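Down below is the structure, laid out as structure tokens.
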2 protein chains.
Amino acid sequence: MFTCIQGDKRMRENTSTSDKLLLAAIDLMAEKGYDGTTTKEIAAAAGVNEVTLFRHFGTKENLLKTAFSRYHYADEMTKLFRESLTGDLHADLLLVSRTYHKLMNRNRKLLRLAQKGGNLPEEVYEESGRHPQQLKKLLMDYLADMAKQKKALVPNPEMQALSFMWMNYGAFFSSLNKKEAVSEEWLDEFIKESVGLFARALTP
Amino acid sequence: MFTCIQGDKRMRENTSTSDKLLLAAIDLMAEKGYDGTTTKEIAAAAGVNEVTLFRHFGTKENLLKTAFSRYHYADEMTKLFRESLTGDLHADLLLVSRTYHKLMNRNRKLLRLAQKGGNLPEEVYEESGRHPQQLKKLLMDYLADMAKQKKALVPNPEMQALSFMWMNYGAFFSSLNKKEAVSEEWLDEFIKESVGLFARALTP
DNA sequence: TAAGGATGTAAGTGTTCACTTGCATCCAAG
DNA sequence: CTTGGATGCAAGTGAACACTTACATCCTTA
């Protein structure tokens with residue numbers, strides 16, 4: 001009943017009923033919060049009957065959990081650190097910062113949803129707390145490594161990593177509750193300037 | 001009926017009924033959001049009857065508006081920039097950063113409440129959006145002035161000011177949803193390192 | 001002591017919400 | 001053609017919630 005392996009017509013339409021519901025739920029909850037969004041609204045936004053929502057997901061909570069697990073981004077950042085960094089401080093930080101904002105923007109709505117809180121299931125908080133910790137570790141290790149190679153001046157890798165992360169985190173979250181993401185060009189100007197500032201501070 | 005100028009016994013107890021309700025509302029809403037907090041809970045937490053809440057504030061929305069207007073911090077930052085800065089880049093940034101975190105921590109719960117959103121009255125959003133803009137302007141002007149005096153290297157005052165603000169903003173908000181504020185010493189270590197990094201980047 | 005204001009208690013109203021039930025309809029696959 | 005799964009529709013259930021009403025109690029003050 002809950003699993004719909006739809007090999008029929010509904011699959012060929014570009015979004016299945018389940019997906020329409022999940023996307024509608026994310027949209028609405030990101031704006032109005034979990035508590036503030038009703039199942040009736042979600043169903044209406046997805047263009048299906050409210051009953052269909054319950055037939056697919058059983059409960060509102062389960063709908064959110066499914067949405068979160070299906071659409072939360074994966075570990076692109078780890079791959080980036082393993083494969084794409086060159087050892088040039090400025091270029092590397094630029095790449096990290098750009099990737100960071102790309103990932104955050106892709107998950108904009110989910111992050112907003114988690115930020116708003118409400119009676120969310122525990123899984124949601126865990127999932128959205130995982131990524132910052134991962135990034136911090138990657139960045140610390142990178143900076144420590146650069147310091148060992150005398151390519152950077154890093155008296156306190158943890159604090160420098162956190163400073164860099166939080167600068168980007170702050171930039172992103174300050175725009176999170178605006179209607180639109182900030183413009184591409186403007187964001188990139190900030191990235192260039194802030195990375196420049198950072199690289200200058202750490203360069204021996 | 002709503003105005004209780006209590007010259008009687010209740011005033012001499014260190015918190016009046018109204019204040020107990022306001023503080024309880026802030027506490028609960030900061031944790032569970034506006035929608036997720038019921039008037040019954042608030043009254044219970046304040047140790048009064050639910051009816052008393054409505055006798056004092058009429059509606060739940062009005063309760064929140066009152067709480068916000070009574071407890072939101074004022075313009076300490078402007079005063080700081082006008083009176084306490086010395087012209088020494090490192091020392092000034094340190095003072096700004098420390099003051100920033102002090103203010104943010106004092107309004108921790110209100111900021112959390114506004115962040116969570118829900119069906120909040122418009123006033124709440126306006127009030128909590130006012131302060132960042134003010135700080136940005138102060139900081140930009142300060143940096144531009146330092147650059148003119150050749151005491152700092154500031155190619156793009158807006159971006160440098162934003163970088164600094166967002167670094168602190170990110171640090172604060174990353175701890176906002178934790179149970180406790182981060183420890184004093186830890187925060188001050190971060191402030192010192194991040195300000196040091198910043199001052200180094202901007203020093204000619 | 002009398003009066004008035006603040007509070008408590010009990011009960012209730014109307015609404016909204018998450019979620020259910022029963023039945024009809026459509027449509028693809030066997 | 002028939003069967004079964006997915007969906008729509010109409011109606012409803014029980015709980016929770018914001019908010020109200022009416023009345024009793026306490027305490028301060030005049």
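Given the structure is predicted, the values throughout are model-derived calculations rather than measurements. Here is the naming used below: chain letters follow the sequence lines, and residue numbers restart at 1 for every chain.
- Rounded to whole Å, atom C1' of D:dA18 lies 12 Å from atom CE of B:M29.
- Taking atom CG of residue A:N62 and atom C1' of nucleotide C:dA18, one finds them 14 Å apart after rounding to whole Å.
- Distance, B:N49 CG to C:dT9 C1': 7 Å, rounded to whole Å.
- Heavy-atom neighbours of B:E184 CD from other residues, nucleotides or ligands within 6.0 Å: at or below the threshold of 12.
- Residue B:V48 is classed as a sugar-phosphate contact, given heavy-atom separations below 4.0 Å to backbone atoms only.
- Donor-acceptor pairing under 3.5 Å, judged by distance alone, is present between the side chain of B:R55 and the base of C:dG8.
- The A:K60 side chain lies nearest to C:dA18 when the options are C:dA18, D:dA18, D:dT7.
- Note on ring orientation: taking the six-membered ring where Trp is involved, the planes of A:F190 and A:W186 are parallel (angle under 30°, cut-offs 30° and 60°).
- Cation-pi geometry between B:K60 and B:Y34 is satisfied (NZ or CZ under 6.0 Å from the ring centre, within 45° of the ring normal).
- The nucleotide whose nearest atom lies closest to any side-chain atom of B:T39 is, among D:dA18, D:dT21, C:dC17, D:dA18.
- Of the candidate nucleotides C:dC19, D:dC19, C:dT9, C:dT9 has the atom lying nearest to any side-chain atom of B:V51.
- Listed pair A:T17 / D:dT7 meets the phosphate criterion, a side-chain N or O lying under 4.0 Å from OP1 or OP2.
- Remark: P of C:dC17 and CD1 of A:I42 are 11 Å apart, rounded to the nearest angstrom.
- The separation between B:F57 atom CZ and C:dT7 atom P is 10 Å, rounded to whole Å.
- A:E193 and B:S163 form no side-chain donor-acceptor contact under 3.5 Å, judged by distance and modelled atom types alone.
- Distance, A:D19 CG to D:dT7 C1': 17 Å, rounded to whole Å.
- With rounding to whole Å, A:L53 atom CG is found 9 Å from C:dA18 atom P.
- Using a 4.0 Å heavy-atom criterion, one finds that A:G36 contacts no nucleic acid atom at all.
- Counting non-hydrogen atoms of neighbouring residues, nucleotides and ligands closer than 6.0 angstrom, the CD atom of A:Q133 reaches no more than 12 such neighbours.
- What separates OH of A:Y34 from P of C:dA18 is a distance of 8 Å, to the nearest Å.
- The residue among B:T52 and A:E50 whose nearest nucleotide of DNA chain C lies closer to the 5′ end is B:T52.
- Here A:H56 does not reach the OP1 or OP2 of D:dA6: none of its side-chain N or O atoms lies under 4.0 Å away.
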